[in-house]
Amino acid sequence: WINSGTEEKGKIEMKNSQRRTFRNIVLGFLGSGFILSASSSIAISGELTVYAAIDADKVKNLAEMFKADHPDIKVNWVRDSTGIIHSRMMAEKDNPRADAVIGMAATSMLTMDSLGMFLPYTPKGVENLDKKYRDTQQPNHWVGLYGWAGAICFNTVEAKKLGLPAPKSWEDLLNPIYKGQITMPNPASSGTGFLDVSAWIQIMGEEAAWSYMDKLHENIASYTHSGSKPCNQAAAGEYVVGVSWPYRGSKLKQKGAPIEVIVPSEGIGWEMQAAAIMNGTKNIEDAKTFLDWSISDKTLEFYSKTASVVAKPELAKPMPGVDSKRVMEAMITQDFGAMAVKKDAIVSKWRSRYEAKSEPKKK
């Protein structure tokens, strides 16, 4: 009887010890940032997946900058063009795989915001930004970072060989002498491409703009899936004219490319790049840290080196080889809201008319 009681007491003490051990393990996990939700999914603090609709070279720099500022947060960057990232996010709408998005065109952001895809959060320092880069909703659903505008990259050497004059306007690109010598971005996959199409619609009116694009299509050699590629092609002499954006032209010109960056006389469209936290993220605090960082002075100064305009205008830097003042003056009054509402219809109509000349998509 005495031995039996002692044995039973030992069993009870062992069970209590096991409970204490299990409790300490759970508390240890919680203290380390592991959170067990009601659905039994585990969110890992210190790791984010960020979708980036930004050029690859800039994503590399941003990744290095964020790692230096927040070494405790690992970021898995997923980079592609605006259209492709937008399509991916829409496909994942009900089960988002990203925690945040950065560099997405405002017209795409507004479409997604209307579907409740972003987590309301007003980042620290937003009050210091230009008002047109700030969401009017309280709390904010997104925040503007920087902007870029349309332009023409023109290869002077190849043009001279072919006897082609430099275009001064969008209208000039309809001249049959440019047939097969123009490339521009596909608005279905490139934010820069949609920027141009939406600008023509706002400058010319719907009917005149589609008539213009019908005629321009006759001279187009190819529609690319990157906003930078047409300028790269012009710089390499593959084509004489590349409808692209000023910064890319400035960068290539500094490297010795024989190109001029032309701002068409009718005016140019421009787009705002923005960032937001995805609704459904399980890493809210890290995502908030990322969004705060995305509009910090240090990060805005980085944007200013590669953008036509930034959320803090005083940080904007001139682009070597480009008439920055002319770019600013030519930027039209952009109706982002209206273009966001019409975007799907515009892209669908564009594809039905001109998709045949688009380059193949990478698999």
Side-chain angles (χ1 to χ4, degrees), residues 55 57 148-187 190-197 199-200 203-204 208-209 211-270 306 308 318-332 350 354 356-360:
D55 285 340
D57 53 350
W148 88 104
I152 294 171
C153 293
F154 181 74
N155 188 304
T156 56
V157 171
E158 292 302 312
K160 187 175 181 179
K161 290 179 183 177
L162 298 171
L164 300 178
K168 297 180 180 179
S169 65
W170 293 120
E171 187 70 22
D172 286 348
L173 297 184
L174 302 185
N175 192 323
I177 61 174
Y178 295 114
K179 187 176 180 65
Q181 289 296 332
I182 303 173
T183 60
M184 74 165 280
N186 181 328
S190 165
T192 305
F194 185 73
L195 172 157
D196 294 315
V197 172
W200 295 332
I203 292 170
M204 305 173 191
S211 176
Y212 172 80
M213 286 184 274
D214 285 342
K215 296 171 185 174
L216 178 64
H217 182 67
E218 295 301 313
N219 287 346
I220 293 288
S222 175
Y223 297 104
T224 70
H225 296 296
S226 161
S228 300
K229 189 171 182 177
C231 197
N232 295 340
Q233 291 173 322
E238 296 175 40
Y239 302 98
V240 174
V241 176
V243 177
S244 189
W245 52 298
Y247 168 73
R248 181 57 60 175
S250 172
K251 187 173 181 180
L252 291 169
K253 191 170 182 177
Q254 289 179 73
K255 291 182 176 180
I259 58 173
E260 292 296 329
V261 178
I262 298 169
V263 179
S265 58
E266 300 96 333
I268 52 177
W270 67 285
T306 61
S308 304
M319 293 174 282
V322 175
D323 187 344
S324 299
K325 182 179 179 182
R326 171 63 187 142
V327 170
M328 294 290 288
E329 292 173 346
M331 292 165 75
I332 66 172
W350 186 94
Y354 317 122
K357 285 189 178 181
S358 283
E359 64 180 1

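Model, not experiment: these values are computed from the prediction.
Taking CH2 of W148 as the reference point, atom OG of S228 lies at 10.0 Å (rounded to 0.5 Å). Once rounded to the nearest 0.5 Å, the distance linking SG of C231 with NZ of K253 reads 11.0 Å. For the atom pair OG (S222) and CD (E359), the distance works out to 5.0 Å, reported to the nearest 0.5 Å. In this structure, the separation between OG1 on T183 and CD1 on I220 is 7.0 Å, given to the nearest 0.5 Å. Note that the CD atom of E171 and the CG atom of L216 stand 10.0 Å from one another [nearest 0.5 Å]. One distance of note links CD of Q181 with CG of N175; it measures 12.5 Å at 0.5 Å rounding.
Side-chain contact between V327 and W245 is absent, with no heavy atoms from C-beta onward closer than 4.5 Å. M331 places a side-chain heavy atom less than 4.5 Å from the side chain of I268. At a threshold of 4.5 Å between non-hydrogen side-chain atoms, the residues P264 and D172 do not count as touching. Looking at V322 and Y247, their side chains never come closer than 4.5 Å, going by heavy atoms from C-beta outward. The side-chain heavy atoms of M328 and W270, taken from C-beta on, include no pair separated by under 4.5 Å. At least one side-chain heavy atom of I332 sits less than 4.5 Å from a side-chain heavy atom of I203. Looking at heavy atoms from C-beta onward, N219 lies out of side-chain contact with V241 at the 4.5 angstrom threshold. The shortest distance between side-chain heavy atoms of M319 and V261 does not fall below 4.5 Å.
Other residues, nucleotides and ligands place more than 12 heavy atoms under 6.0 Å from the NZ atom of K357. Crowding of M204 atom CE: a count of heavy atoms from other residues, nucleotides or ligands under 6.0 Å exceeding 12.
Salt bridge E158/K161: present, at least one basic N to carboxylate O contact under 4.0 Å. K251 has no carboxylate O lying under 4.0 Å from a charged side-chain N of D55, or vice versa, which leaves the two without a salt bridge.
Residues D214 and S211 have side chains that never bring a donor and an acceptor to within less than 3.5 angstrom of each other.
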